[in-house]
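Below: one structure, written as structure tokens.
Below, chains carry the letters A, B, ... as their sequence lines are ordered, and counting in each starts from 1.
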Amino acid sequence: MSETAPSTPGRDFIRDMVERDLAAGRHGGRVVTRFPPEPNGYLHIGHAKSICLNFGLALEYGGTCHLRLDDTNPETEEQEYVEAIQAGVRWLGFDWGENFFHASDYFERLFDFAVELIRRDKAYVDSLNEDEIRDYRGTVTEPGRNSPYRDRTVAENLDLFHRMRAGEFADGAHVLRAKIDMSSPNMKMRDPLLYRIKRATHYHRGDAWCIYPFYDFAHPLSDAIEGITHSLCTLEFENNREIYDWLVDALVESLPFPDPPRQTEFARLNLTYTLMSKRKLLELVERRLVAGWDDPRLPTLAGLRRRGFTPEAIRDFCERIGVAKANSTVDVTLLEHCQREDLNPQVPRVLCVLRPLKLVIENYPEGQVEELDAPFYPHDVPKEGSRKVPFSRVLYIERDDFAENPPKGFHRLSPGREVRLRYAYFIRCESIVKDPATDEIVELRCTYDPATRGGSAPDGRKVPGTLHWVSAEHSVPVEVRLYDRLFKVERPDLEEGGFESVLNPGSLETLTASRLEPAAVDPSLGDRLQFERQGYFYRAPVDSTSGHLVFNRIVPLRDSWAQEVQKQSPAAAAPAPAQKAKPPKETEAKPLEPLTAEEQEQLEQIRPTLLPIVQGVLAAHPTEVERYRSGKTGILGFLVAQVMKQAGPAGKANPKLVNVLLTEKLSGS
RNA sequence: UGGGGCGUCGCCAAGUGGUAAGGCACCAGACUUUGGAUCUGGCACUCGGAGGUUCGAAUCCUCCCGCCCCAACCA
């Protein structure tokens, strides 16, 4: 793992639990976790949360974390996914060492566990068909009924189960079920299915088996086989925990470790403006709504990686979102923030004009070229390095940086206005050249001030803004892909008409005429660069060819001018902020119950002992006293606590009397 | 509706009987050769609601409300 991996993870209920278990000596002091994906899809940032949690826990407590493929359903699983999963975990920066496992490698042992269960009369072969099983299960409000096959003898069940394995029956003819309780209020406990007959080639086991265990059976027992101590999963498995415990407890004597693993659930990650369910991601891929599992607009690890996100940023993000049990949707701006924070202090700044507008400097000699010094890092990034940027008579600037009729607050170029070209000269716009046919601005005619070389004026005059630019002749053409959120709404999954209706048509904008300063072509600068005033970009390795450079925008820079423009647009101004005028709540503390005569007497008795303490506390906490007097009366509780502490062992002082005394002193001098 | 969970700022999230942390977002200002970064300040008199217990409640008790999960031979 890279050394930038966070070393001070946040506190959460899971780490609290692990520490309690460690303190109690459970599991012989071991901490063993696992990340158990099913190889039926690509990993996404929601999995990253789980990976960071499981591997992070192991790292923090000197334990290990296993990577285990939960491959019990041959129909949906593929080797391609296995490799993508391994690549994803490794890319994130985690190492499973020797601990790479397949649940399907445990099939023989799992079969033996099932036989053991049958011998104990805790499992039976059921011969109801699928519909009947559903029917017998009952509903959430009505109990289920026992299957007519539920009372088969142990011998009969043993025989049938072995013959299921031997392939004597058709798919679906029989299943193995746990014998628990068909009237359990927990639907999951109504004799859950343990094994089904399914003739399908397994990507890892081939045709070795024609019966396959279900998740509810395979998962807890795989955990037990591996000596997992803490089995962490997401909230939707809460109801399955009862089976988990039932199984590991039922088979505890046959298990390799004395303390069985226990399952703990936490909330899965949701992110705004995207989708996180494997099913919907698959749909996007299969319907070609995106270019593939690694489409840079997708929240898949493959997509984020191809987009240019860094594992450091993703780990930081996973740490900041915390781990809890409340369903939540994290604002994607937090992810973007983490990515900027990671890149800001380390990547070189270069100049790239995304949408070029030609600019001719009329008083600059034709054919002249100057090499201007430009540092790679701004003053606030403590890194060294610079390059030469060629300056000439014909340049390109960003189209957005010129306005014929500048709106209020516009700091850039407009007719007659002077601005600075970054690291170069002050220029003034003298005239505009338009295409007579379309009226489109095709060229700007400017003059420069030779005295401002480097970007500052000897006479100290100021300029409203600084623009990035490139020399037309020396810059190199590049393709730039501007990625934006895939959906137009925060919660596409909640959309009535399906997520397709809210796809953002502008989620990918491909710019083919962008121009990059020549020095930035050098690959030794690194794969990630900041294009000044635009954002962080990634020299996309899979999309670039030797003669054709492609840059992906990872994340734009914050843009307060764009926000200003937003605010000024009439569309944005429409929704009047419904100011929730909450009437000030009457919070006057209910008056303290008057002291009884007895209490009054007590007070007088104890006053001499308590008074010095009260005064001491008051003197020791002048700011609190000040805040109390300015209306923050809640602090009284804090002051009472201080007096109580000093008054000696609990119970010595009557808090009510302390309260009275304190209030008296506070309202007095 | 039976069962299992969860409700603390716009979004996450600490806090578990004694002053409602922090981050993102947002707002204002300073600084600035990136409208970036940085810095400063502002952002919950109150914790889903109502009662109760207590000197003192987001924390304990009671009732209520809302949201999520469970009736695949998926995981």
Under a 4.0 Å threshold between the charged nitrogen and the carboxylate oxygen, would A/Asp245 count as salt-bridged to A/Arg262?
yes

Lys/Arg-Asp/Glu bridge criterion (N-O < 4.0 Å) met for A/Asp449, A/Arg461:
yes

Can you tell me which nucleotide in B/A25, B/C55, B/A37 comes closest to the side chain of A/Val640?
B/C55

Check salt bridge (charged side-chain N to carboxylate O under 4.0 Å, His left out) between A/Glu341 and all other residues, then give those that pass, not counting sequence neighbours.
A/Arg320

Suppose we screen for salt bridge (charged side-chain N to carboxylate O under 4.0 Å, His left out). Which residues come up paired with A/Arg412, at least two apart in sequence or across chains?
A/Asp401

Can a donor-acceptor pair under 3.5 Å be found between the side-chain atoms of A/Arg241 and the base atoms of B/G4?
no

Evaluate whether the aromatic ring of A/Phe638 and the six-membered ring of the B/G18 base sit under 5.5 Å apart, centre to centre, with an inclination under 30°.
no

At under 4.0 Å between heavy atoms, which parts of nucleotides 12-17 of chain B does protein reach? Answer with one letter per nucleotide, 5' to 3': B base, S sugar-phosphate only, - none.
SSS---

Scoring nucleotides 70-75 of chain B by protein non-hydrogen atoms under 4.0 Å (B base, S sugar-phosphate only, - none) yields BBSBSB

Take atom P in B/G66 and the same atom in B/G49, then report the distance between them in whole Å.
15 Å

How would RNA chain B look in dot-bracket form, 5' to 3', counting Watson-Crick and G-U wobble pairs with both distances under 3.5 Å and writing | for bases paired to another strand?
.(((((((.[[[..)..(...]]].(((((.......))))).....[[[[[..)....]]]]])))))).....

Contact list (N/O, under 3.5 angstrom) for nucleotides 27-31 of chain B vs protein:
from  : atom 1 : to       : atom 2 : distance (Å)
B/C27 : OP1    : A/Lys567 : NZ     : 3.2

